[in-house]
Amino acid sequence: MAYEHISAPATGDKITFSNGSMNVPDNPILLFIEGDGIGYDIMTASKRIWDAAVDKAYGGSKAVSWMEVYAGEKAAGVYGGNYMPEETFDAFREYKVGIKGPLTTPVGGGFRSLNVTLRQVLDLYSCVRPVRWFSGVPSPLRHPEDVDVVIFRENTEDTYAGIEFESGSEENKKLADFLKNELGATNFFPDAGLGIKPISPFGSKRLIRAAIQYAIERRRSSVTLVHKGNIQKFTEGAFQKWGYELAREEFPQETISWDEVADKHDGRVPDGKILIQDTIADIMFQKMLLRPREHDVIATTNLNGDYLSDALAAEVGGVGIAPGANIGDEIALFEATHGTAPKYTNKDMVNPGSLLFSGVMMLEHLNWFEAAELITKAYEKTIEQRCVTYDFARQMENATKVATSEFATRIIENMDIV
């Protein structure tokens, strides 16, 4: 495909799919969106680390060919004010896998969110957020090592579908009239802003299916359906119901419910079975503080997943080192989960951890686990040496504060000793 402002690298091959399986060449072309604000600093540092890990892990037999595509402020500069050019979507459809830094959404109209737009246009329905503690990272918990959970957040439905009608608008009045006079729904105040919360069997089941498949592939012990079904019975409650249905119908050999465990196995989960359980959303926050070991993989709706992802990240170091991915049937977009932090733009001082570990997730997605593990071990070694960026330095005794670029250099050097 010909592009106006995107240039393919001179070397490298496309990732392809056949019969639903991903085919990864030894020299894949991976897309990257630099990001706004601190995007340049963290993307530059992270690419150095990813490339070094791949080279060391595979002795030069594998390498990434990077291809830049555009979104956000940099796109606006290249495309005459267009923050989200169509050919960026086309590139992801063609090349399948990429990573992005944080993006600024333009103020005053247009896109509700560039991040949400990317997810919805490319149908990246699974937002995957692993939350775990890395040795040495400052944490408010007494036992942060107990936190090791992977959140699957539905990405395309719920309140994030953006179906809202402003108070006082003609559309709002029509909807209010329909609700009151046609459906008998009267329990809202006049002139209330109105929103629609769609949650479907299709959207719920494909997200929960991805969570269960992940648990099977990674040998995880449980999948918890998190919902507010005690109040929102036909949306959140239906999500829970559809989750149990899916597990019974599609994964009867691999999964088991609490009811089955109690009735047939004396309260003990049989070896090799993945427990399917559910928890009310507000209780889940408490449980992840008091008994985090009880949960392994979480599948939840869009808004719940948003809250949980950031709250749980705060337990193990904050969103500054929290990775994330948006994954569809073929396309996968990995991302830094924090904002653009514009006051630190081009100051070479922020922690690249969120983007760095999103890239680790990307390497695992390619089945390049050796390179991914090398980065994780070298990162933990660097933290152990108390060689850290300013955010950790202010929380650690006897720490050496270093720039983003220096932090990357130290991680690369530590790959030789882990």
Side-chain donor or acceptor of [X] paired with backbone N/O of [Y] under 3.5 Å:
X	Y	answer
D158	T301	no
R153	T300	no
S21	F17	no
E68	F32	no
S204	S200	yes
T400	C387	no

Mind checking the [atom1]-[atom2] spacing from [X] to [Y]? Nearest 0.5 Å is all I need.
X	Y	atom1	atom2	value
H143	D146	NE2	CG	6.5 Å
C127	I151	SG	CD1	8.5 Å
S257	I276	OG	CD1	9.0 Å
L355	I321	CG	CD1	13.5 Å

What pair of heavy atoms forms the shortest contact from [X] to [Y], and how long is it?
X	Y	result
T255	I212	CG2-CG2, 4.0 Å
P252	E249	CD-O, 4.0 Å
V418	K377	CG1-O, 3.6 Å
N398	R386	O-CD, 3.8 Å
V388	A399	CG2-CB, 4.0 Å

Going by an N to O cut-off under 4.0 Å, is there a salt bridge joining [X] and [Y]?
X	Y	result
K347	D41	no
R410	E406	no
D282	K228	yes
E315	R142	no
E245	K205	yes
R206	D123	yes
R220	D148	yes
E335	R119	yes
R132	E145	no
E34	K100	no
E254	K273	no

Validation row: [X], [Y] side chains within 4.5 angstrom (heavy atoms):
X	Y	value
I375	I49	yes
I280	H227	yes
N27	T11	yes
R129	P323	no
M362	L30	yes
D391	M349	no
S354	V319	no
V316	F134	no

For atom [atom1] of [X], decide whether the heavy atoms of other residues, nucleotides or ligands shown that lie under 6.0 angstrom number more than 12.
X	atom1	value
D266	CG	no
Y40	OH	no
K401	NZ	no
E373	CD	no

(message) Please list all pairs meeting ring pair (Phe, Tyr, Trp, His ring centres under 6.0 Å) that have one or both residues in residues 228-271, counting only residues at least two apart or in different chains.
(response) none

(message) Strictly by ring pair (Phe, Tyr, Trp, His ring centres under 6.0 Å), give each pair with a member in residues 311-346 just once, sequence neighbours left out.
(response) F334-H365, Y344-Y390

(request) Take Q277 and T224, measure what side chain to side chain donor-acceptor pair (under 3.5 Å) needs, and give me the verdict at the end. (result) CA-CA 5 Å; Q277 58 189 342; T224 303; 2.9 Å; yes

(request) Verify whether the ring centers belonging to F407 and Y379 lie closer than 6.0 Å. (result) yes

(request) Answer yes if the ring centres of W50 and W66 are under 6.0 angstrom apart, and no otherwise. (result) yes

(request) Would you verify whether the NZ or CZ of K62 falls within 45 degrees of the ring axis of Y58 while also being under 6.0 Å from that six-membered ring's centre? (result) yes

(message) Under a 3.5 Å threshold, yes or no: a donor from one side chain and an acceptor from the other, between T156 and E154?
(response) yes

